[in-house]
Amino acid sequence: ATVRPGLTYRNPFKEVSLASGRKIVLERGTVFPDMELGPDEIEILGGAFMGDDTPADPETVYRKALSIDTSGPMKEKWQRIIQAEALRHGLLEYY
């Protein structure tokens, strides 16, 4: 999730009215191009980010992924996955 200064109109979006009367706009966008995952990686991704439970700690997910392969490309791939899938707690930066 990111906070942006304005709507790009390049992706599907939806306007949401808040209880305070203010409105925000949610816009879907592709963060990274498609990437291939092996069966073990799919299991890690599904367990970490696609379940009904609270999402796993990003560091734990990263360590688990690197237990499969510690190569540079694997590290870079999982850094990108975690950046795209993990939601940070607290206030986000604002422009």
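In this text, all values refer to a predicted model and were calculated from it rather than measured experimentally. Values reported hereafter were calculated over all heavy atoms of this structure, with side chains retained and with hydrogens, waters and symmetry mates removed.
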Identify, with sequence neighbours excluded, every residue that meets side-chain contact (heavy atoms from CB on, under 4.5 Å) alongside Met35. Lys77, Arg80, Ile81
List the atom of Ala48, the atom of Val61, and the distance in Å for their closest heavy-atom pair. CB-CG2, 3.4 Å
Tabulate below the donor-acceptor pairs under 3.5 Å that side-chain atoms of residues 62-70 make, not counting sequence neighbours, or state none.
| unit_1 | atom_1 | unit_2 | atom_2 | d |
| --- | --- | --- | --- | --- |
| Tyr62 | OH | Gln79 | NE2 | 3.1 |
| Ser67 | OG | Lys64 | O | 2.5 |
| Asp69 | OD1 | Ser71 | N | 2.9 |
| Asp69 | OD1 | Ser71 | OG | 3.3 |
| Asp69 | OD2 | Ser71 | OG | 3.2 |

Side-chain heavy atoms under 4.5 angstrom apart, residues restricted to Ile, Leu, Val, Met, Phe, Trp, Tyr: same cluster for Ile44 and Met50? yes
Can you tell me how far the CH2 atom of Trp78 sits from the CG atom of Leu45, to the nearest 0.5 Å? 5.0 Å
Quick one: side chains of residues 9-17, donor-acceptor pairs under 3.5 Å with protein atoms, not counting sequence neighbours, listed by atom name and distance.
| unit_1 | atom_1 | unit_2 | atom_2 | d |
| --- | --- | --- | --- | --- |
| Asn11 | ND2 | Arg28 | O | 3.2 |
| Glu15 | OE2 | Lys23 | NZ | 3.4 |

